[in-house]
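Below, chain A is the first sequence line, B the second, and so on; all start at residue 1.
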2 protein chains.
Amino acid sequence: MMKLPGKTVERLSEYRRTLLECLNEKRNFIFSHDLAARLHITAVQVRRDLMLIGYSSVLRKGYDVRELIDTIGKIIDSEESMNVAVIGIGNLGRAVAGYFKGKRSKLNLVASFDNDPQKVNRVISGVKCYPYTDIERMIKELDIRIAILTVPPDFAREITEETVRFGIKGILNFTTIPLNVPSGVYLEEYDMITSIEKVAYFVKENKIY
Amino acid sequence: MMKLPGKTVERLSEYRRTLLECLNEKRNFIFSHDLAARLHITAVQVRRDLMLIGYSSVLRKGYDVRELIDTIGKIIDSEESMNVAVIGIGNLGRAVAGYFKGKRSKLNLVASFDNDPQKVNRVISGVKCYPYTDIERMIKELDIRIAILTVPPDFAREITEETVRFGIKGILNFTTIPLNVPSGVYLEEYDMITSIEKVAYFVKENKIY
DNA sequence: AAGCCAATGTTAATAATTTAACAATAATCA
DNA sequence: TGATTATTGTTAAATTATTAACATTGGCTT
Ligand SMILES: NC(=O)c1ccc[n+]([C@@H]2O[C@H](COP(=O)([O-])OP(=O)(O)OC[C@H]3O[C@@H](n4cnc5c(N)ncnc54)[C@H](O)[C@@H]3O)[C@@H](O)[C@H]2O)c1
Ligand SMILES: NC(=O)c1ccc[n+]([C@@H]2O[C@H](COP(=O)([O-])OP(=O)(O)OC[C@H]3O[C@@H](n4cnc5c(N)ncnc54)[C@H](O)[C@@H]3O)[C@@H](O)[C@H]2O)c1
């Protein structure tokens, strides 16, 4: 499979999320324009993305929801499941854990790490919290590949450097500090302030009073 | 000022965030390539964005950090400050509140809303929590324009419909449910699962074992 | 069963975004 | 001071992403 554009990968994830909701609603088929409308994009975009992953419905009564979920999974999931950990199980860490835990068959949230004695060795938001000092051992023992960083900013750089050294291959950074990782490690960053400021800018520009 | 591309607006927010860090570090000047490196983009991109907002340094010893912060503010902030509320002050709501509170001079987090009796009428993460039932009155009283949605998904649609009716002009939606808003209301959505799955995909594709 | 319709897959066109190229010019230093 | 260098602003090119156009085809209607 050819390497997909990042944007398409993001949308595939969104398609699957929406399709899973459809299953909840007992919808077994969905039209491209319907799926598109739920995500505020165009039907053409949906069809084009599905073309890129070689999915074809043949049927003209919409896509088979279950089948499409599986197809997307074959593309974006890894063969064997990949293990994930949250580092820093504070407010944000708990939100991530509670939300993500058990949502995906191929991405398992298997641990969290913290240095607060009140938190370590307990199960928090469905995930066992280990002392940060054990992280090297646990990354290896549990074969953790992806780290979600939700520690206070001051620790972000050091923790990144260490976890990468211990074998982490992908980092989702929620701390305020932009990180640097060696090539071979994939880094994704997100900051809410950017989103909020973007909303504020467009509210202002629309001149809605 | 011409309407800026959404991507540029996002980056301006990121530039400012980075520049504020520079101030912390007592750096008063920064080169385009330096700013770029911190954000993993190119210097050309930085210069082009600044060109778009009509900022020019003249000096060849980097941008004046303070001045650039101000200039960006003039572009992306609104004249008078804009008020923001968090709806649903659970884990994620508290993370947002704690992180955002007091960070921007022109964007004030002035309230949170919840329906949990344990939470209402208390100050949580630095913000007063009001009962959700008072939201109509409080939106008007406090002149709230932007809502950050961090309630359980089942309530997202109804709350959106109501708050828009009560005067909200921008929504940052963190719930899992894709929302629909009337035109004139700006909507931004973010879902961590997309980010995590994107990381997982690129880790897999890089074939890092 | 024939013909229409609605929805799809795909190629081509357009638009948005990023990157490259380069001229202009302060700062540096011999 | 004058040559050199480093950094900028800006135009042009390349790349990437989205949208439009359209031929195709299964389903539905009569
Ligand atoms: N990117 C975003 O959009 C966004 C939004 C909100 C918060 N944040 C950031 O996320 C981080 C966490 O926010 P929060 O509200 O959850 O804060 P928090 O204080 O509730 O959580 C931080 C957790 O990290 C733990 N911790 C501290 N030092 C540690 C270390 N050295 N090793 C391991 N664990 C450690 C603490 O014990 C705590 O449990 C902060 O950096 C905050 O600025 C980012
Ligand atoms: N988009 C993302 O990336 C992301 C990440 C994590 C969680 N989430 C979602 O964010 C939401 C909150 O997550 P959380 O971990 O903070 O959950 P939580 O249960 O800790 O918080 C939810 C809060 O909403 C309040 N609430 C419930 N019903 C309400 C109502 N009708 N009106 C007002 N307040 C109400 C609850 O009292 C609680 O305080 C969930 O929908 C979750 O799925 C999204």
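Heavy atoms of A:Leu50 sit nowhere under 4.0 angstrom from any nucleic acid atom. If you check every strand for non-hydrogen atoms under 4.0 Å, B:Ser32 touches sugar and phosphate atoms only. Within 4.0 Å of B:Phe29, counting heavy atoms only, lies no atom of the nucleic acid at all.
Using a 4.0 Å cut-off between charged side-chain N and carboxylate O, A:Glu80 and A:Lys106 make no salt bridge. Between A:Asp143 and A:Arg145, at least one side-chain N (NZ, or NE/NH1/NH2) sits under 4.0 Å from a carboxylate O, which counts as a salt bridge.
A residue-by-residue look at A:Arg11 and A:Leu59 shows that A:Arg11 has its nearest nucleotide of DNA chain D further toward the 5' end. Toward the 5′ end of DNA chain C lies the nearest nucleotide of A:Ile30, the other residue of the pair B:Lys61 and A:Ile30 mapping further downstream.
With hydrogens and angles ignored, no donor-acceptor pair closer than 3.5 Å exists between the side chain of B:Arg47 and the base of D:dT7.
Which of C:dA21, C:dT17, D:dT18 sits closest to the side chain of B:Pro5 comes down to C:dT17. Side-chain proximity of A:Arg60 to the nucleotides C:dT10, C:dG9, D:dT24 is greatest for D:dT24.
The distance between atom CG of B:Leu68 and atom P of D:dT8, rounded to the nearest whole Å, is 11 Å.
Under 4.0 angstrom from either OP1 or OP2 of D:dT10 there lies no side-chain N or O belonging to B:Tyr55.
Outside the 6.0 Å centre-distance limit, the rings of B:Phe29 and B:Tyr63 are not counted as a close aromatic pair.
Remark: side-chain polar atoms of A:Asn91 are not paired, donor with acceptor, to backbone N or O of A:Ala95 under 3.5 angstrom.
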